[in-house]
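Remember, it's 1-based here, ligands and their atoms both numbered in the order they're listed. Throughout, numbering of the chain's residues begins at 1 and tracks the sequence.
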Amino acid sequence: MNPNILILGAPGAGKGTQSDNIVDEYGVDHVTTGDALRSNKGMDISHLGLAYDTPGEYMDKGELVPDEVVNEIVETALDEADGYVLDGYPRNLDQAEHLSAMTDLDVVLYLDVDEDVLVERLTGRRVCEECGATFHVDFDPPEQAGVCDECGGDLYQREDDSEETARERIRVYEDNTAPVVEFYDDRGELARVDGEQTPDEVWGDVSDAIETHA
Ligand code: AP5
Ligand code: MG
């Protein structure tokens, strides 16, 4: 049986970076609400009668997309997965309760990174528009600026990685998602990893934690 892994951490903590390693090592599905929503930014959710009519309007402001939309995405994806690494969910306590009713987790990882470091990581991130590989202009630069090392695709900057929106995302994280980290910590389920090390060092600690708990 493949492991069911949850990876928690602030925006820019390295969830996507380490999830890629987990997928390569364990062959699980990468279930990530951020990517799922980015692919569906223009989806019509006007029937919900909420503040905005598409996910993209929430995302570009750094706010959370409504639970009704996100819960359904996760439920479908987890149903189809044989082992997974879940990245970007749950982001508030209601989503955490919802997840508990949906599935059993083998490991809950938390990547611990200070806020000053997060902004630097987010504003310097570049993503391949073809294959989704992630780089950083200073910390993990591609061989040729603007070109993906993996597939030669063009690199772009995510719309929510401007300094202003990045800071708002971190604020939203502190208000809504930090309590989720406490929720798992209180239940004694949290494997805390120092996310300020190099990506390889973080991966060493992440894989150790998975081997210990799964
Ligand atoms: P989402 O896409 O989930 O964004 P996020 O949680 O803000 O996290 P990021 O993807 O920005 O960071 P990451 O931890 O994956 O970092 P990465 O590995 O790329 O969500 C986007 C939006 O969607 C939300 O704002 C919201 O609107 C909506 N949404 C999503 N889920 C939702 C939900 N459940 N409910 C409601 N709304 C939801 O690394 C960052 C950079 O750092 C990279 O450049 C990387 O190269 C570099 N880096 C990584 N590790 C290291 C290291 N160890 N040292 C140095 N640099 C490093
Ligand atoms: Mg990510």
Checklist line | Distance-only side-chain donor-acceptor flag, His30 / Asp87, under 3.5 Å | finding: yes
Check: In terms of side-chain geometry, is the basic nitrogen of Lys61 or Glu164 positioned less than 4.0 Å from the acidic oxygen of its partner?
Finding: no
Notebook entry, point to check: Got a donor-acceptor contact below 3.5 angstrom from the Asp114 side chain to the Val117 backbone?
Noted result: no
Checklist line | Shortest heavy-atom approach to atom 41 (C) of ligand 1 - which of Met59, Arg121, Glu159 | finding: Arg121
Item checked: Residue, atom name and distance, where the atom is the protein heavy atom closest to atom 16 (O) of ligand 1 -> Gly14 N, 3.4 Å
Note to self: Taking 4.0 angstrom as the limit and counting only heavy atoms of Gly16, give me the atoms of ligand 1 inside it, by number and element.
What the structure shows: 13 (P), 15 (O), 18 (O)
Next item on the list: Can you sort out which atoms of ligand 1 are near Arg38, meaning under 4.0 Å from one of its heavy atoms?
Entry: 2 (O), 21 (C)
Check: Judged by atom type as modelled, is there a donor-acceptor pair below 3.5 Å linking the side chain of Asp185 to the main-chain atoms of Val181?
Finding: no
Notebook entry, point to check: How far is atom 43 (C) of ligand 1 from its nearest protein heavy atom, and which residue and atom name does that atom have?
Noted result: Thr134 CG2, 3.6 Å
Item checked: Any N/O pair Pro11/ligand 1 closer than 3.5 Å -> no
Notebook entry, point to check: By number and element, which atoms of ligand 1 are closer than 4.0 Å to a non-hydrogen atom of Arg169?
Noted result: 4 (O), 5 (P), 7 (O), 9 (P), 11 (O)
Checklist line | Test item: Gln18 side-chain N/O and Val202 main-chain N/O as donor-acceptor pair under 3.5 Å | finding: no
Margin query: Do Gln95 and Asn71 pair up side chain to side chain, a donor and an acceptor below 3.5 Å, judged on atom types alone?
Written below: no
Check: N/O to N/O below 3.5 Å, does that happen between Gly12 and ligand 1?
Finding: yes
Checklist line | ligand 1 atoms in contact with His136 (distance to a heavy atom under 4.0 Å) | finding: 44 (O), 46 (O)
Next item on the list: Mark up the atoms of ligand 1 that fall under 4.0 Å of a heavy atom belonging to Leu122, in ascending order.
Entry: 11 (O)
Checklist line | Contact with ligand 1 for Gly124, non-hydrogen, under 4.0 angstrom | finding: no
Margin query: At under 4.0 Å between heavy atoms, is it the side chain or the backbone of Gln95 that contacts ligand 1, or both, or neither?
Written below: side chain
Checklist line | Closest to atom 24 (C) of ligand 1 (judged by heavy-atom distance), picking from Arg158, Gln197, Glu57, Arg91 | finding: Arg91
Checklist line | With Val28, the side chain to side chain contact (heavy atoms under 4.5 Å, CB included) member among Asn4, Asp82, Asn2 | finding: Asn2
Next item on the list: May I ask you to check whether Tyr84 and Thr103 show a side-chain donor-acceptor distance below 3.5 Å?
Entry: yes
Margin query: Less than 3.5 Å apart, any donor N or O on the side chain of Ser46 or Asp44 sitting next to an acceptor on the other?
Written below: yes
Notebook entry, point to check: For ligand 1, which atoms, with element, lie under 4.0 Å from some heavy atom of Leu37?
Noted result: 28 (C), 29 (N), 30 (C), 38 (C)
Note to self: Any nitrogen or oxygen of Thr33 lying under 3.5 Å from a nitrogen or oxygen in ligand 1? Just yes or no.
What the structure shows: yes
Notebook entry, point to check: If you measure every N/O of Val70 against every N/O of ligand 1, is any gap under 3.5 Å?
Noted result: no
Check: Can you tell which part of Glu201 has a heavy atom less than 4.0 Å from ligand 1: side chain, backbone, both or neither?
Finding: neither
Next item on the list: Measure the distance from atom 37 (N) of ligand 1 to every protein heavy atom, then report the residue, atom name and distance (to 0.1 Å) of the closest one.
Entry: Val65 N, 3.0 Å
Item checked: Basic-acidic side-chain contact under 4.0 Å: Arg171, Glu168 -> yes
Check: Only one of Asp161, Asp160, Asp140 forms a salt bridge (charged side-chain N to carboxylate O under 4.0 Å, His left out) with Arg125, so which one is it?
Finding: Asp161
Notebook entry, point to check: Taking atom types as modelled, is there a side-chain donor on Thr54 or Glu57 under 3.5 Å from an acceptor on the other?
Noted result: yes
Checklist line | Shortest protein heavy-atom distance from atom 45 (C) of ligand 1, along with the residue and atom involved | finding: Thr17 OG1, 3.9 Å
Check: Just which atoms of ligand 1 are under 4.0 Å from any heavy atom in Glu63?
Finding: 26 (C), 27 (O)
Checklist line | Identity and separation of the nearest protein heavy atom to atom 8 (O) of ligand 1 | finding: Lys15 NZ, 3.1 Å
Next item on the list: Using a strict 4.0 Å cut-off to heavy atoms of Phe135, name the atoms of ligand 1 that fall inside it.
Entry: 43 (C), 44 (O), 46 (O)
Check: Side chains of Tyr89 and Thr32: closer than 4.5 Å at any heavy-atom pair?
Finding: no
Item checked: Residue pair Val85 / Leu109, side-chain heavy-atom distance below 4.5 Å -> no
Next item on the list: Measure the distance from atom 19 (O) of ligand 1 to every protein heavy atom, then report the residue, atom name and distance (to 0.1 Å) of the closest one.
Entry: Arg125 NH1, 2.6 Å
Notebook entry, point to check: At a non-hydrogen distance cut-off of under 4.0 Å, which region of Arg126 contacts ligand 1 (side chain, backbone, both, or neither)?
Noted result: neither
